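See structure below.
Note that the structure is a prediction, hence the values are computed from the model and not measured. Starting from 1, each residue takes its place in the sequence as its number.
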Amino acid sequence: DPALHSRALERLQWIEKTWEFRNTDPLRPAVIRTIRRIFGKLEAAHCHIAHIKFLVRTSDNKTYKISRTAFHEPDWENALDGLQGVSATLLMNARIQSDEDLSHLFA
């Protein structure tokens, strides 16, 4: 049904947000906690993930990427194996389906 498809597309929102981790030791658990908190907020708001991508860039220019299309995909933390150091930037780029304004979730 083209009308149904059109309405679903209208509900999709682009969200891009950055978090900075400075002097965070250990770094990997802090990044994992942050990503889990993001998934928890989106799930509690009854959102549907079309696509969500996390990019972690460390201060020594190593990059780790997580890409998901659902809340409960197993083993996503494995993408962060080897993440070390104390400083990094976490970028989230998401396409989320919701009727609500989601900007307050990440303020």
Side-chain angles (χ1 to χ4, degrees):
D1 178 4
L4 180 63
H5 180 73
S6 179
R7 284 192 302 275
L9 286 176
E10 289 172 4
R11 296 178 62 213
L12 287 175
Q13 300 179 39
W14 280 109
I15 302 171
E16 191 164 290
K17 175 76 176 166
T18 302
W19 290 265
E20 297 289 335
F21 296 86
R22 299 289 176 248
N23 299 316
T24 305
D25 188 24
L27 181 60
R28 185 177 184 273
V31 171
I32 289 172
R33 277 192 308 274
T34 300
I35 293 171
R36 282 185 181 150
R37 190 169 40 245
I38 292 164
F39 282 128
K41 287 180 177 185
L42 289 170
E43 194 168 23
H46 306 289
C47 298
H48 299 280
I49 296 174
H51 188 253
I52 190 165
K53 196 176 347 178
F54 294 95
L55 187 67
V56 181
R57 180 165 289 127
T58 63
S59 56
D60 59 353
N61 270 343
K62 291 186 179 170
T63 303
Y64 301 84
K65 182 176 151 186
I66 297 167
S67 183
R68 295 179 58 185
T69 57
F71 288 113
H72 302 288
E73 292 179 10
D75 303 326
W76 62 266
E77 296 97 337
N78 294 343
L80 299 175
D81 285 351
L83 177 59
Q84 298 178 5
V86 295
S87 298
T89 300
L90 172 64
L91 171 67
M92 176 188 73
N93 182 285
R95 188 78 162 149
I96 305 293
Q97 188 176 21
S98 177
D99 292 324
E100 305 296 322
D101 176 17
L102 302 175
S103 60
H104 69 281
L105 293 179
F106 309 108

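- Taken to the nearest 0.5 Å, the CH2 atom of W19 stands 12.0 Å off from the OG1 atom of T89.
- Of all heavy-atom pairs spanning S87 and N23, the tightest one is OG-N, 3.6 Å.
- For A45, the side chain to side chain contact (heavy atoms under 4.5 Å, CB included) criterion is met by C47, L105, not counting sequence neighbours.
- A search for side chain to side chain contact (heavy atoms under 4.5 Å, CB included) contacts involving S103 returns D101, not counting sequence neighbours.
- Heavy-atom minimum distance, T69 versus A50: CG2-O, 3.6 Å.
- L27 and G85 make their closest contact through CB-O, 3.2 Å (heavy atoms, listed as atom of the first residue, atom of the second, distance).
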Show the numbers, then the answer: is there a side-chain contact (heavy atoms from CB on, under 4.5 Å) between F54 and T34?
CA-CA 11 Å; F54 294 95; T34 300; over 6 Å; no
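- The NE2 atom of H48 sits 11.0 Å away from atom CG of L12, with the distance rounded to the nearest 0.5 Å.
- For residues 41-64, there are no salt bridge (Lys or Arg N to Asp or Glu O under 4.0 Å) pairs, not counting sequence neighbours.
- In this view, R22 and E20 satisfy the salt bridge (Lys or Arg N to Asp or Glu O under 4.0 Å) rule, not counting sequence neighbours.
- Under the side chain to side chain donor-acceptor pair (under 3.5 Å) criterion, S67 pairs with H51, not counting sequence neighbours.
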Verdict with reasoning, H72 to F39, per side-chain contact (heavy atoms from CB on, under 4.5 Å)
CA-CA 9 Å; H72 302 288; F39 282 128; over 6 Å; no
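- Annotation: side chain to side chain contact (heavy atoms under 4.5 Å, CB included) contacts of N93 (sequence neighbours excluded): W14, E16.
- Residues meeting the salt bridge (Lys or Arg N to Asp or Glu O under 4.0 Å) test with D81, sequence neighbours left out: R28.
- Residues I32 and W76 are in side-chain contact: their nearest non-hydrogen atoms beyond the backbone lie under 4.5 Å apart.
- Looking at residues two or more places apart in sequence or on another chain, you find a side chain to side chain contact (heavy atoms under 4.5 Å, CB included) between P26 and P29.
- Interatomic distance, N78 CG to I66 CD1, rounded to the nearest 0.5 Å: 9.5 Å.
- Shown here are the salt bridge (Lys or Arg N to Asp or Glu O under 4.0 Å) partners of R36, two or more places apart in sequence or in another chain: E77.
- Residues passing the ring-ring contact (aromatic ring centres under 6.0 Å, His included) test with Y64: none are found, sequence neighbours excluded.
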Might you work through the side-chain contact (heavy atoms from CB on, under 4.5 Å) test for T24 and V31, ending with a clear yes or no?
CA-CA 9 Å; T24 305; V31 171; over 6 Å; no
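- The structure places CD1 of I15 at 10.0 Å from CZ of R95, a figure rounded to the nearest 0.5 Å.
- A distance of 9.0 Å separates CE in M92 from OG1 in T18, rounded to the nearest 0.5 Å.
- Here the closest non-hydrogen pair linking E73 and A70 is OE2-N, 3.1 Å.
- Through direct or relayed side-chain contacts under 4.5 Å between Ile, Leu, Val, Met, Phe, Trp and Tyr, V86 connects to no other residue.
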Go through the steps to decide whether I96 and I49 satisfy the test side-chain contact (heavy atoms from CB on, under 4.5 Å), and finish with yes or no.
CA-CA 5 Å; I96 305 293; I49 296 174; 4.0 Å; yes
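- With side-chain heavy atoms closer than 4.5 Å counting as contact, directly or through intermediates, the hydrophobic cluster containing L55 also holds L91.
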